[in-house]
Every structure is written in structure tokens, then in C-alpha cells.
Amino acid sequence: MRRERETTDNPLTSSFTRRAFIGGVGAGAAIVALDLDAAFAASARAEAEGTLVNNFGRVFNLPAFASATAQTRAALTEMGKLGGIMDAKDPLHEGPIRLITNPELSPGNRDNPFNTAGTTFLGQFLDHDMTFDNRSPLGVPTRPEISPNERTPVFDLDTVYGGGPTGSPQLYNADRITMRVESGGQFEDLPRNANGSAIIGDDRNDENMMISGLHVAFLLFHNRVVARLREQGTPPSQLFATARRTVTWHYQWIILNEFLPQIIGRPLVDHILAFGRQFYRPAGAPFIPVEFQIAYRFGHSMIRPSYRANLAGDNGQPFFGFIFDPVAEGQADPVDLRGGRRAPRRFIGWQTFFNFNDGQLRPNKRMDTTLSTPLFQLPLSTIPSNDPPISLATRNLLRHLTWSLPSGQRLATAMGIPQVETTELEPFGFATNAPLWYYVLKEGKDLGDGVQLVGVGARLIGEVFIGLLQKDPNSYLTVNPSWVPTLPSRSAGTFTMVDLLRFAQVDPASRGQ
């Protein structure tokens with residue numbers, strides 16, 4: 001797969017690139033062209049050497065922000081440690097309920113009034129659908145072009161459908177059309193083996209209760225679509241393919257029209273659609289750039305220390321829990337919200353996470369430079385390699401060395417975007433060469449007040465998201481750009497996560513909770 005620049009689709013693009021646009025391009029565009037040419041040539045050489053087609057790649061060929069030395073690793077580990085500069089220092093002793101009902105106890109976890117708590121986990125679901133790096137060593141320089149992405153780099157729900165009824169029959173009922181769904185005691189659960197492990201297309205979608213709840217909601221969504229198509233007389237031989245396309249296109253609509261505008265703002269989404277992608281421009285099949293892979297981890301900063309999983313699942317009372325709690329290790333029905341377990345209270349009441357206009361909605365945490373304290377003590381079961389470090393921040397920072405990524409400042413200069421300051425990183429030696437992930441979070445904090453991404457992060461994420469949809473030969477943007485949702489919704493001609501949950505019948509009204 002050659003990583004060459006595609007031709008510009010819109011004739012207005014070339015004139016627009018000279019305008020200063022925060023999150024867009026400016027006078028630095030000429031610099032980028034040379035860097036891109038070199039990067040794409042390097043990727044083409046990697047292909048010629050026999051690398052896999054579905055590998056990671058680069059958009060920019062820029063110097064690494066730091067050398068992969070023991071000193072750099074130590075500095076990054078210190079930067080990402082429990083109690084360090086990136087720890088929100090939540091008073092966990094107050095318990096999971098008080099950290100929700102008394103937000104003033106945790107000033108490092110400010111509410112985002114424009115995103116719901118569900119935005120966080122929908123973002124995680126999308127990440128698992130397009131990228132899975134399970135082989136590159138943490139903190140050891142590795143060429144992206146020889147590193148396989150174990151997911152298809154498009155929004156095709158391969159985490160849900162696996163290899164289809166033929167390739168992954170364990171995911172399907174005997175009819176080889178509908179998806180397997182089991183009961184968790186009160187409501188739905190993922191199908192599970194005797195040891196509690198989920199039978200799904202990607203084990204990561206059982207890391208926590210919210211992501212496993214989303215996954216099973218999509219299973220039910222598919223099954224309801226199949227039932228609707230049967231009622232409409234769709235021939236049995238066409239049922240699965242038609243249902244999958246219907247589900248996938250409604251999912252892609254949500255990504256482009258609900259999720260992405262919440263993260264980077266509707267104006268930037270519209271700008272990229274109207275004037276084209278300036279940086280992520282593969283000539284052939286799409287790929288996941290490592291710059292994006294790291295920037296997209298901004299979502300980790302939106303995770304709260306605790307959540308209300310449901311309103312009445314715990315013997316008629318709400319079930320609150322920390323996202324992860326070390327004391328829950330080994331418990332059959334953990335006190336925290338980790339996945340991999342089945343019990344009557346382990347289901348998600350979606351009114352906490354998406355807006356059903358019932359007054360129960362909770363917002364997510366702002367996108368800023370701190371992470372909730374439980375994320376510095378991950379259970380090993382949530383780490384694919386099952387080994388430390390257990391600090392999510394440290395793992396994200398060491399991943400910059402894996403990919404030899406440029407600093408946020410250098411990338412901003414190359415993209416023609418004004419820089420933000422990171423002088424607070426002086427003790428670690430990164431005052432003017434911040435790791436890209438931290439830099440994206442700092443942009444969101446300083447320029448977006450934590451409510452949305454701005455600058456480098458917004459542009460990277462917007463272009464790759466839209467690029468993956470535009471380069472997918474089966475997406476609705478490619479097959480039928482004028483398509484609008486066809487399933488029942490609260491507003492005709494659109495479709496949201498609330499509509500999806502209602503159609504799947506996992507909403508509060510369907511459950512009577």
C-alpha cells in the first residue's frame with residue numbers, strides 16, 4: 001500500500017491553504033510538502049521490502065522529540081507516574097458516589113457541559129474498530145511500516161461482526177444471520193465462556209462495563225435491523241448483508257454527524273469536507289498514521305474516576321463504582337466497573353451516559369492534561385501484554401519512543417498552526433519539545449477550555465476520521481454521499497446514539513428503569 005499523496009478533490013483547496021486557520025494550515029504548508037514526500041517514499045520502500053498491507057504509517061517525516069535513551073524513558077515515566085504532573089489527584093477515599101455527587105471534591109475533574117459521559121466510551125468503541133497495535137514493543141523504536149494493525153483501518157464494525165457468519169461462526173446464532181446475545185441476570189450481556197471471557201470480535205470491548213454494554217447494544221441493534229428487514233420482505237439470502245450495511249451506515253452517520261463535531265467542532269468538520277484533507281492523503285487504501293494513533297488517546301483524559309452504572313441494578317439501588325479499583329481484583333462480582341464478569345447488577349443504564357431528557361444525564365470530564373487517578377493503577381487484565389507499567393499515562397508517553405514521534409511544537413510548526421506553551425514540562429526536559437499526546441491535551445486545555453480539541457489534535461483527528469470514511473469503498477460517503485438514515489429516529493433525516501439505543505431496546509423506557 002503506497003502512502004502517496006492523492007490528488008486534490010476540490011479545486012478550492014489550493015487557494016484556501018494560504019489562509020491562517022487554527023486547526024488548519026497556513027504558511028508552514030510548503031514545509032510539510034517536502035516532509036510528506038520523504039515520508040511517503042519511506043513507506044513505499046517499506047512495502048517493497050515485503051511489509052504487510054494493513055500496517056501503520058506516518059503522515060510526517062520529522063525528527064523524534066527525544067532520543068530513546070534510559071534518561072528519556074525515566075523522564076517520561078516520572079511524568080506519567082501516580083501522583084505526578086498528569087494525575088488529577090482524585091480523593092479516592094471519598095468513594096465512588098461522593099466523587100460524582102460532590103464534584104468540588106475533585107477540582108482536577110471539571111465537567112464538560114457539551115459532552116455526555118457516553119461520548120468517552122463511544123470514542124473508545126470507535127478506536128477499537130479501526131486500530132489495534134498488539135505487537136510493537138513499548139518504548140522501543142519500531143518502524144510503523146512493518147507494524148501490523150490488527151483491525152481494518154475503516155469504520156466497518158469488524159469488532160462486532162468479526163469474519164462474518166462463515167469466518168467467525170461463534171459470534172452468530174444458528175441462523176448465521178443474527179448475533180449471539182446472552183442474559184446477565186436482569187438484562188442483556190455479551191455471550192461468555194465458562195471462565196467469564198467474552199465471545200466477541202475484539203477482547204478489548206470487554207475491558208469495562210460501559211464498553212461491553214455498547215458492544216452488546218450493537219449486537220441487539222443488528223438483530224432488530226434483521227427483524228425489521230424480515231418484516232419488509234427482504235429475501236433470506238440478502239438478510240445478513242443488507243442488515244450489516246444498514247447498521248454500518250447508521251453507525252458511520254453517528255460518527256460524522258454526532259461524535260466528531262462534539263470532539264473537534266462542527267466548523268472544522270465542515271471545513272475538511274468542503275475543502276479537502278491537507279495532510280492525511282493516502283493515494284490507495286487508508287491506513288492509521290502513528291501520529292493519529294497517539295493523538296487519539298486524548299480520550300483517556302475524559303474518563304472520570306467513577307460512574308453510576310445504572311439506577312436500580314444493585315438490589316433496587318443504583319450501582320456506583322470506580323472505573324477500576326485494586327481491591328476488586330479477583331472478585332466474582334467486582335465493586336468496580338471492570339469487564340469480564342457477569343452478575344445481575346452488571347449492566348448499563350444508558351440514561352447516565354446519553355441524553356434521554358429525563359434529568360439523569362451526566363457529563364464527561366474535560367479534555368485537559370490530567371487523567372483520573374484510577375488510570376494510574378490499571379488492572380493487568382486490561383493491558384493486552386499483561387505486564388507493567390500499569391500507569392496509562394506512562395504507557396502513552398513511552399509509546400512516543402516506539403514510533404519516534406515528533407514533538408507537538410514541531411508538528412504545529414509543520415502544519416502552520418500557532419503553538420501552545422508547555423513550560424511546565426521543564427523539569428522533565430520537554431519544555432519546548434512536548435510529547436505529542438501531552439501537547440494535544442494542552443491545546444485542548446488552553447485553547448478549547450477542555451470542551452473540544454483545537455489545533456494539531458483537532459486537525460489530525462478530523463482528517464483521519466473523514467479520510468477513513470472517504471477512502472472506504474463501502475462507506476455511505478463513498479457509495480451514496482447523499483444518503484440519509486432510514487431507521488426510526490426522534491428527528492427525521494438524522495440518527496443519534498439515543499436513537500440507536502432506543503431501536504436496540506436497551507433504553508430506559510424499554511427496560512422500565
Side-chain angles (χ1 to χ4, degrees), residues 118 122 125-126 128-129 152 154-183 187-191 199-202 205 211-259 348 350 354 356 469 472-480 482-511:
L122 177 58
F125 186 85
L126 302 184
H128 293 177
D129 190 31
T152 53
V154 289
F155 295 111
D156 63 353
L157 290 172
D158 65 332
T159 52
V160 173
Y161 291 108
T166 302
S168 303
Q170 72 278 12
L171 305 181
Y172 295 83
N173 291 315
D175 63 6
R176 294 296 183 260
I177 296 172
T178 55
M179 313 294 297
R180 287 181 59 189
V181 179
E182 295 179 357
S183 171
F187 298 106
E188 73 288 335
D189 188 23
L190 298 171
I199 304 171
I200 52 178
D202 190 321
N205 278 1
I211 192 70
S212 63
L214 269 180
H215 190 104
V216 75
F218 271 87
L219 299 179
L220 289 170
F221 181 48
H222 169 87
N223 290 351
R224 306 290 185 203
V225 169
V226 169
R228 180 181 174 87
L229 291 172
R230 279 184 171 137
E231 291 174 357
Q232 294 173 343
T234 302
S237 62
Q238 299 176 21
L239 265 177
F240 176 76
T242 305
R244 180 169 184 174
R245 170 167 285 194
T246 301
V247 168
T248 303
W249 280 15
H250 283 79
Y251 162 67
Q252 292 171 348
W253 179 277
I254 289 171
I255 292 171
L256 189 61
N257 295 280
E258 182 177 11
F259 177 79
I348 297 301
W350 291 112
F354 295 98
F356 291 90
L469 289 168
D472 176 4
N474 298 310
S475 76
Y476 86 85
L477 276 186
T478 301
V479 176
N480 184 5
S482 61
W483 176 84
V484 294
T486 57
L487 294 176
S489 62
R490 295 169 300 171
S491 300
T494 190
F495 199 77
T496 67
M497 275 304 301
V498 167
D499 296 319
L500 186 152
L501 297 169
R502 291 177 66 186
F503 190 82
Q505 296 183 7
V506 297
D507 59 301
S510 296
R511 288 174 165 168

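What you see is a predicted model, and the numbers here were worked out from it, not measured in a lab.
Between Q252 and D472 there is a side-chain heavy-atom pair separated by less than 4.5 Å. Side-chain contact between I254 and L122 is present, with heavy atoms from C-beta onward closer than 4.5 Å. The shortest side-chain heavy-atom distance between F218 and L500 falls under the 4.5 Å cut-off. Two residues are said to be in side-chain contact when any heavy atoms from C-beta on lie closer than 4.5 Å; F259 and F125 fail this criterion. The closest side-chain heavy-atom distance from V216 to L219 is below 4.5 Å. When side chains are defined from C-beta on, L220 counts as touching V506, because their heavy atoms get closer than 4.5 Å. Side-chain contact between L126 and Y251 is present, with at least one heavy-atom pair separated by less than 4.5 Å.
Residues satisfying the ring-ring contact (aromatic ring centres under 6.0 Å, His included) test with H250, not counting sequence neighbours, are W483, F495. Applying the salt bridge (Lys or Arg N to Asp or Glu O under 4.0 Å) rule to E188 yields the partners R511; only residues at least two apart in sequence or on another chain are considered. When the side-chain contact (heavy atoms from CB on, under 4.5 Å) test is applied to L171, the partners found at least two apart in sequence or on another chain are S168, M179, I199. Residues satisfying the side-chain contact (heavy atoms from CB on, under 4.5 Å) test with A243, not counting sequence neighbours, are H222, V225, V226, L229. Legend: residues meeting salt bridge (Lys or Arg N to Asp or Glu O under 4.0 Å) with D499, ordered by chain and number and at least two apart, are R490. With sequence neighbours excluded, the residues forming a salt bridge (Lys or Arg N to Asp or Glu O under 4.0 Å) with R180 are E182, listed by chain and number. Among residues two or more places apart in sequence or in another chain, the side-chain contact (heavy atoms from CB on, under 4.5 Å) test is passed with D507 by F356, R502, A509, S510. For S482, the side-chain hydrogen bond (donor to acceptor under 3.5 Å, both in side chains) test picks out N480, with sequence neighbours left out. Judged as a ring-ring contact (aromatic ring centres under 6.0 Å, His included), and not counting sequence neighbours, the contacts of F187 are F347. Residues meeting the side-chain contact (heavy atoms from CB on, under 4.5 Å) test with V484, sequence neighbours left out: W253.
The ring pair (Phe, Tyr, Trp, His ring centres under 6.0 Å) analysis of residues 162-183, with sequence neighbours excluded, yields the pairs Y172-F240. Residue pairs meeting the salt bridge (charged side-chain N to carboxylate O under 4.0 Å, His left out) criterion with at least one member in residues 227-244, sequence neighbours excluded, are D175-R230.
Taken to the nearest 0.5 Å, the CG atom of L239 stands 10.5 Å off from the CD atom of Q232. If you take CD on Q505 and CZ on R224, they are separated by 4.0 Å, rounding to the nearest 0.5 Å. With values rounded to the nearest 0.5 angstrom, T152 atom OG1 is found 6.0 Å from D129 atom CG. Distance CD1/I200 to OG1/T159: 8.0 Å, rounded to 0.5 Å. Taking CZ from F221 and OG1 from T246, the interatomic distance works out to 8.5 Å, rounded to the nearest 0.5 Å. Between atom CG of residue L157 and atom NE2 of residue H215 there is a gap of 9.0 Å, rounded to the nearest 0.5 Å.
T478 places no side-chain N or O within 3.5 Å of a backbone atom of N474 that could act as its donor or acceptor partner.
Across all non-hydrogen atoms, the minimal contact from Y161 to D156 is CD1-O, 4.2 Å.
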- Task: Verify side-chain contact (heavy atoms from CB on, under 4.5 Å) between V498 and E258, making sure each step is shown before the conclusion.
- Result: CA-CA 11 Å; V498 167; E258 182 177 11; 5.9 Å; no
- Task: For side-chain contact (heavy atoms from CB on, under 4.5 Å), just list the numbers for N205 and L190, CA-CA rounded to whole Å, side-chain angles, deciding distance to a tenth of an Å, and then say yes or no.
- Result: CA-CA 10 Å; N205 278 1; L190 298 171; 6.0 Å; no
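With 3.5 Å as the limit, one finds no donor-acceptor pair spanning the side chains of H128 and D202.
Note: W350 and F354 have tilted aromatic rings, judged against thresholds of 30 and 60 degrees for the angle between ring planes.
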